[in-house]
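Notes follow once the structure below has been shown.
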There are 2 protein chains.
Amino acid sequence: MQKTELEINQASQLLKLLGDKTRLTIISILKQRECCVCELLEVFDMSQPSISQHLRKLKDLGLVKEERRGQWIYYSLNATSELFSLLDDILNHLPEQTEKIKQIEKSNPTLRCGC
Amino acid sequence: MQKTELEINQASQLLKLLGDKTRLTIISILKQRECCVCELLEVFDMSQPSISQHLRKLKDLGLVKEERRGQWIYYSLNATSELFSLLDDILNHLPEQTEKIKQIEKSNPTLRCGC
DNA sequence: TAAGTATATAACTAACTACTTATATATTCA
DNA sequence: TGAATATATAAGTAGTTAGTTATATACTTA
C-alpha cells in the first residue's frame, strides 16, 4: 500500500478519534468484519445511541462507510479514505478482535427466528 | 524495526496523546532534533507552562525522555518505549518539521551572548 | 395499516482537557 | 550571594467529550 503523507491537522483529527478505546475497538472489529449497530451493541456495555454516535464521528471523518440493507445499516472501513493508509498502519499494531467477533456471531442479533 | 503488538488500552492512550495538534507537532519535531522547552516555545503561540505540561504528558507515557544539561532540560524521543514502533509508523506519515526547526535554529534561544 | 425492530437525533450532564496566570524550584554567572 | 534564566507545579476556568434518557425516523412484516 502507498504511504500517504498527511497534514498534521488531518492526522491529529484521526488520532484523536482513535484515542477513544471504544472507537478504536470498533474500528478494529470493522477491519475484520462489517457490522451493523445491533451487532456492535453485543460487545460493548453501552447504550445504542452511544454506539451510533461513535459511528457517526468515524463516518464524519470518512473512516467508515455505511450501507443500508433492509432494516440494518452495515458499517465497514472506507479503504478509499486519504487517511486509510495511516489507519491501516495503526491497526496492524493491534490484536485481532477474534473474541468479540465470536461473541457477535454467537449472539447473532440479525437473525430473528430460528426457522 | 520490529512491529510490536499492543493492547487496545495502551494504544488508545498513545493515540489520545497524539490526537492533540500541539503534542503531535512537538513529537514530530523531537523526531528530527532534541529540544529544550525554550526552543519549543519559539514555534508555538502558547505559554511556557503549556509546553511543559504537554511534555509532561508525553513523558508520563514514556514517549519522550529528558536530560538536564546545565540550566536546560533537553527532551528527545524514547526509542526504548514499547510504544515506539507504533509511534514511528505514525510519524512516518507526517511531513518533516523543517520550517519549525529552522525557526528554532534562527532564534537560537539557548545562546545568550554572541561571543 | 399497525406493531415491532433498527437506527438516528436531541437534549442534558458529569468528567476531562488544554489553556491561562501566579508561583516555586533549579541552575548559572557576575 | 543575589539577579537572571529555565523549567515545573498549582490553581482556576472555558470548552469539549462521552455517556445518558427520551424521542423521532425508517424499514419490515403480519
C:dT20, OP1 or OP2 - any side-chain N/O from B:Ser47 closer than 4.0 Å? yes
Hey, is the side chain of B:Tyr75 poking within less than 4.0 Å of OP1 or OP2 on D:dA6, counting only N and O atoms? no
Test item: side-chain donor near acceptor, B:Gln32 and B:Ser28, under 3.5 Å: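 No, no side-chain donor-acceptor pair sits under 3.5 Å.
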Does one side chain, of B:Gln103 or B:Ser107, offer a donor that lies under 3.5 Å from an acceptor on the other? no
Nearest-Å distance for atom pair [atom1]/[atom2], residues [X] and [N]:
X       : N      : atom1 : atom2 : result
A:Phe44 : D:dT20 : CZ    : C1'   : 18 Å
B:Ile26 : D:dT7  : CD1   : P     : 13 Å
B:Gln13 : C:dT17 : CD    : P     : 11 Å
A:Lys59 : C:dA8  : NZ    : P     : 7 Å
A:Leu40 : C:dT7  : CG    : C1'   : 12 Å
B:Glu67 : D:dT7  : CD    : P     : 13 Å
B:Gln48 : C:dT21 : CD    : C1'   : 12 Å
B:Leu58 : D:dT7  : CG    : P     : 16 Å

If an axis is fit to five pairs at each end of the helix from C:dT1-D:dA30 to C:dA30-D:dT1, what is the angle between the two, to the nearest 10°?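 Inter-axis angle at the ends, rounded: 20°.
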So, the side chain of [X] versus the backbone of [Y]: is there a donor-acceptor pair under 3.5 Å, distance only?
X       : Y       : result
A:Ser50 : A:Ser47 : no
B:Gln97 : B:Pro95 : yes
B:Glu42 : B:Glu39 : no

Per-nucleotide protein contact string for nucleotides 12-18 of chain D, where B marks a base within reach and S marks sugar-phosphate only (heavy atoms under 4.0 Å, - for neither): -----SS
Given D:dT7, C:dA22, C:dA8, which nucleotide is nearest the side-chain atoms of B:Pro49? C:dA22
Beyond-backbone contact of A:Cys38 with A:Thr110, side-chain heavy atoms, under 4.5 angstrom: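 The answer is yes; the side chains approach within 4.5 Å.
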Contact check, side chains of A:Arg68 and A:Tyr74, non-hydrogen atoms, under 4.5 Å: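 Not in contact.
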DNA chain D nearest-nucleotide lookup for B:Ile51 and A:Arg68: closer to the 5′ end is B:Ile51
Start at the 5' end of DNA chain D and walk down; is the nucleotide closest to A:Gly70 or to A:Asp45 reached first?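 Looking at the nearest nucleotide for each, A:Asp45 comes out on the 5' side.
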Quick one: do A:Arg69 and A:Glu34 make a salt bridge, cutoff under 4.0 Å?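 A salt bridge links A:Arg69 with A:Glu34.
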Nearest heavy-atom contact between B:Gly62 and B:Ser81 is O-CB, 3.5 Å
